Structure formats: structure tokens, C-alpha cells
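Quick notes on the structure that follows.
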Amino acid sequence: QLQLVESGGDLVQPGGSLRLSCTASGLISDDMIIGWFRLAPGKEREGVACITSSDGNTYYEDSAKGRFTISSDNAKKKVYLQMNSLKPEDTAVYFCAADTSNGCLRIGSRLIPTYDYWGQGNKVTVSS
């Protein structure tokens, strides 16, 4: 069983930055993918970014490209999402998710939210 816990969510002004953390515990495979997804009020869940633990390959959806950076520290069993130049439309509950895979899963440019393990979510509010 794998458990994930997100932290770092806060209220931030437009243009500001935040770093979210996802900490894993329990049974961890050598080959895993960790994705960041978000759920905004009135919208469907959407992918943000993904990273593979084995080789560090990353993938970003268009909304995150150039502003967000996903990274991992395998020794600490943590994955981070650095968010810069935040916009009001980035306001959402952010979830990290994990699964055993050798690559991030997507259809076209969209990440697929079919991960077996999910954190409880962490709220990010971008407002003046």
C-alpha cells in the first residue's frame, strides 16, 4: 500500500510563486510515475505535470509549460511542483498521484488521471 501526502498550498498573489510537495510512504516500486493534477471549482480534473522516478523524464500540460517545474528527490521519496507566475485561474485543489509505470500516461497532450494512488489534495488560491 502506498500513501501520498501533499503540502505547501497557500494563498498567493497573482505573479507569485509556491512550491508543493508530495511525500510518499509505504510500498514503493522502482518504476513509478508521479503526476500532479488539479481540480478547480466548476471544472473537471485536469493534469498539470508528470515525472518518471526511474529516469526523471517529465511532461507538462500546456497550462504549466514555462511556469511550473516538477522534480523529484528519490532519497527523500518526495516530488515537488514549483509554481511560478501564478494566475487566478491556477486556483484549485492540487493532487499528487502515483502508479507503477515506465512512462507518463497520456492521450494526445492530456495526462490520463488513471493512477492507483492519490493524495488528499492541497489548496492553492491565487488572488489579490
Side-chain angles (χ1 to χ4, degrees):
Q1 193 70 231
L2 181 66
Q3 295 83 42
L4 304 173
V5 179
E6 305 97 335
S7 63
D10 206 347
L11 171 66
V12 63
Q13 292 185 330
S17 298
L18 282 175
R19 189 181 74 162
L20 302 181
S21 298
C22 176
T23 303
S25 62
L27 183 61
I28 301 175
S29 173
D30 291 338
D31 292 322
M32 300 190 71
I33 54 172
I34 301 90
W36 284 98
F37 296 82
R38 65 187 184 185
L39 182 62
K43 296 183 178 181
E44 296 182 351
R45 182 184 299 170
E46 64 175 352
V48 179
C50 178
I51 189 169
T52 58
S53 63
S54 59
D55 57 17
N57 284 346
T58 59
Y59 179 83
Y60 299 92
E61 293 215 11
D62 289 343
S63 62
K65 290 180 180 177
R67 298 190 300 127
F68 295 1
T69 302
I70 188 170
S71 61
S72 64
D73 186 333
N74 291 341
K76 295 182 178 179
K77 303 185 188 306
K78 292 182 179 290
V79 174
Y80 306 98
L81 183 68
Q82 177 67 45
M83 303 184 293
N84 299 326
S85 301
L86 284 163
K87 306 173 182 179
E89 52 262 45
D90 294 319
T91 296
V93 176
Y94 284 73
F95 300 85
C96 66
D99 209 341
T100 55
S101 178
N102 59 4
C104 295
L105 306 175
R106 59 188 174 97
I107 298 178
S109 63
R110 300 292 186 177
L111 292 167
I112 304 173
T114 54
Y115 293 63
D116 284 344
Y117 306 99
W118 291 81
Q120 294 298 109
N122 204 242
K123 188 175 183 180
V124 172
T125 302
V126 184
S127 176
S128 60

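None of these values were measured; they are calculated from a predicted model. Note that the numbering runs from 1 along the sequence shown for the chain.
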Within this structure, what is the SG-NZ distance for the pair C22 and K77, rounded to the nearest 0.5 Å? 12.5 Å

Under 3.5 Å: donor-acceptor pair, side chain of S53, backbone of M32: yes

Taking all atoms of both residues into account, what is the closest heavy-atom pair of P113 and R45, and its distance? CB-CD, 4.2 Å

Identify the heavy atoms of T52 and G103 that sit nearest to each other, and give their distance. CG2-CA, 3.7 Å

Once you round to the nearest 0.5 Å, how far does CG of D99 lie from CG of D116? 4.0 Å

Given I34, V5, T23, the one that forms side chain to side chain contact (heavy atoms under 4.5 Å, CB included) with K78: T23

Taking the six-membered ring for Trp, are F37 and W118 parallel (under 30°), tilted (30 to 60°) or perpendicular (over 60°)? tilted

When clusters are formed by joining ILVMFWY residues with side-chain heavy atoms under 4.5 Å apart, either directly or through shared neighbours, do V79 and V124 land in the same one? yes

State, to 0.1 Å, how close F95 and G119 come at their nearest heavy-atom pair, and which atoms those are. CD2-O, 3.6 Å

Starting at CG of N122, measure out to CG of L18 and round the result to the nearest 0.5 Å. 9.5 Å

Any non-hydrogen side-chain atom of I28 less than 4.5 Å from a side-chain atom of L2? yes

Let me check something: any side-chain donor-acceptor pairs from residues 9-17 under 3.5 Å, sequence neighbours excluded? List them with distances.
unit_1: S17; atom_1: OG; unit_2: N84; atom_2: OD1; d: 2.8

Are more than 12 heavy atoms from other residues, nucleotides or ligands located less than 6.0 Å from atom CD of Q120? no

To the closest 0.5 Å, what do you measure between CD (Q82) and CD1 (I70)? 12.0 Å

For S63 and G47 the tightest heavy-atom approach is OG-O, 4.5 Å

Run the salt-bridge test on D90 and K87 with the 4.0 Å N-O cut-off and return the result as yes or no. no

Assess whether atom CG of D30 is packed by more than 12 heavy atoms of other residues, nucleotides or ligands within 6.0 Å. no

Distance in Å, T91 OG1 paired with E89 CD, rounded so as to fall on 0.5 Å steps: 8.5 Å

Side-chain cluster (under 4.5 Å, hydrophobic types only) that Y80 belongs to, other residues: none

Going from CG on L81 to CD on E6, what distance comes out if it is rounded to the nearest 0.5 angstrom? 11.0 Å

Close side-chain approach of I51 and Y60, heavy atoms under 4.5 Å: no

Taking every non-hydrogen atom, the tightest pair across Y115 and C50: OH-SG, 3.5 Å

Which atom names give the shortest non-hydrogen contact between D31 and S54, and what distance separates them? OD1-CB, 3.3 Å

Show the numbers, then the answer: is there a side-chain contact (heavy atoms from CB on, under 4.5 Å) between M83 and R67? CA-CA 6 Å; M83 303 184 293; R67 298 190 300 127; over 6 Å; no

Using modelled atom types only, decide if a donor and an acceptor are shared between the side chain of Y59 and the backbone of S109 within a distance under 3.5 Å. yes

